[in-house]
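FYI, the numbering just counts along the sequence from 1. Just so you know, ligand 1 is whichever comes first in the structure, and atom 1 is the first atom listed for that ligand.
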Amino acid sequence: MSRQTIVAANWKMNGSLELATQMCNGLNDENFKDNHQVIICPPAPYLSTIQANLKNSQIACGAQNINENEKGAYTGEISALMLNDLQVQYVILGHSERRAMFADSSEIVAEKVAYALASGLKPILCIGETEEERESGETELRLSYQLAPVIAKIGIESFKNVVVAYEPVWAIGTGKTASTKIAQETHEFIRGYLAGFDADVAQQVPLLYGGSVNATNCKELFAQADIDGGLIGGASLKIEEFKKICLAV
Ligand code: PGA
């Protein structure tokens with residue numbers, strides 16, 4: 001079975017209205033291969049501009065976070081219902097920057113994933129180990145600790161609607177990409193871990209690699225058996241480079 005491939009742009013707190021329009025114009029006319037999805041995740045204020053300017057059915061829009069509650073006194077937060085209003089389809093959850101800087105524990109991430117799914121959004125669930133964890137041989141433990149609460153909360157069947165992004169924290173924004181060998185081995189571990197709950201579901205889940213992916217290193221990474229695309233930070237802010245990455249799958 002061939003899995004869906006995905007290249008998703010995580011703009012983080014970067015970009016502008018101008019970039020939002022230009023990125024859509026730059027990508028609208030591209031012919032992507034079948035069963036390939038491009039997702040642009042800009043900061044929330046640009047979501048509706050991206051939605052309005054997308055004219056290619058293989059490109060979708062995603063948010064970078066939601067609150068785990070439906071609505072209420074949560075100043076500064078965004079609800080899944082608001083994303084529904086804008087017809088946003090995806091949401092990045094559990095990014096390491098949110099885990100490290102905004103106290104998104106794996107349990108909170110699990111709640112957000114559950115709430116996203118209940119609201120019809122597809123979560124892009126990010127997991128990844130720190131440099132210390134990798135060096136002390138705790139990568140697999142860390143990844144399983146991040147996955148387990150989500151599986152417990154939503155059930156393995158629901159992973160049919162989840163995208164998992166493996167992003168080693170030490171490779172994010174550092175220019176230090178994981179070697180293709182490390183990336184593939186870790187993706188294989190993640191798929192194997194999911195297969196321990198349900199082998200069919202594990203075969204269907206798109207696994208994305210993230211961490212200093214660029215137009216030069218993406219081809220080799222995307223060619224690995226268990227890597228179904230990428231979650232792209234810095235390079236997703238450059239139109240021509242991001243286009244090349246989208247076409248490299
Ligand atoms: P990077 O970021 O490509 O700039 O390393 C990836 C991410 O954080 O999603």
Q: If you compare all heavy atoms of N65 against all heavy atoms of R98, which two are closest, and at what distance to 0.1 Å?
A: ND2-CZ, 3.2 Å
Q: Applying a heavy-atom cut-off of 4.0 Å, say which part of C126 lies close to ligand 1: side chain, backbone, both or neither.
A: neither
Q: Under 6.0 Å from the NZ atom of K244, do we count more than 12 heavy atoms belonging to anything else shown?
A: no
Q: List ligand 1 atoms under 4.0 Å from G211, heavy atoms only on the residue side.
A: 5 (O)
Q: Considering the heavy atoms of G234, write down every atom of ligand 1 situated less than 4.0 Å from one of them.
A: 1 (P), 3 (O), 4 (O)
Q: What are the atoms of ligand 1, with element, lying closer than 4.0 Å to any heavy atom of A171?
A: 5 (O)
Q: May I ask you to identify the nearest protein heavy atom to atom 3 (O) of ligand 1, giving residue, atom name and distance to one decimal place in Å?
A: G233 N, 2.9 Å
Q: What part of N10, side chain from CB on, backbone N/CA/C/O, both or neither, has a heavy atom under 4.0 Å from ligand 1?
A: side chain
Q: Quick check: closest heavy atoms across W11 and S16, and the distance to 0.1 Å?
A: CZ3-O, 4.4 Å
Q: Considering non-hydrogen atoms only, spot the tightest contact between N161 and P123 and give its length.
A: O-CD, 3.4 Å
Q: Can you list the atoms of ligand 1 that are under 4.0 Å from a heavy atom of H95?
A: 7 (C), 8 (O), 9 (O)
Q: Within the structure, does K12 bring an N/O atom to less than 3.5 angstrom of an N/O atom in ligand 1?
A: yes
Q: So which of V109, L143, T186 actually passes side-chain contact (heavy atoms from CB on, under 4.5 Å) with I127?
A: L143
Q: Nearest to atom 5 (O) of ligand 1 by heavy atom, G128, C41, G173, G210: which?
A: G173
Q: Quick one: nearest non-hydrogen protein atom to atom 9 (O) of ligand 1, plus distance?
A: E167 OE2, 2.6 Å
Q: Which word best sums up how the rings of Y209 and H187 line up, parallel for under 30°, tilted for 30 to 60°, or perpendicular for over 60°?
A: tilted
Q: I need the minimum non-hydrogen distance between S212 and G175, along with the two atoms involved.
A: OG-N, 2.7 Å
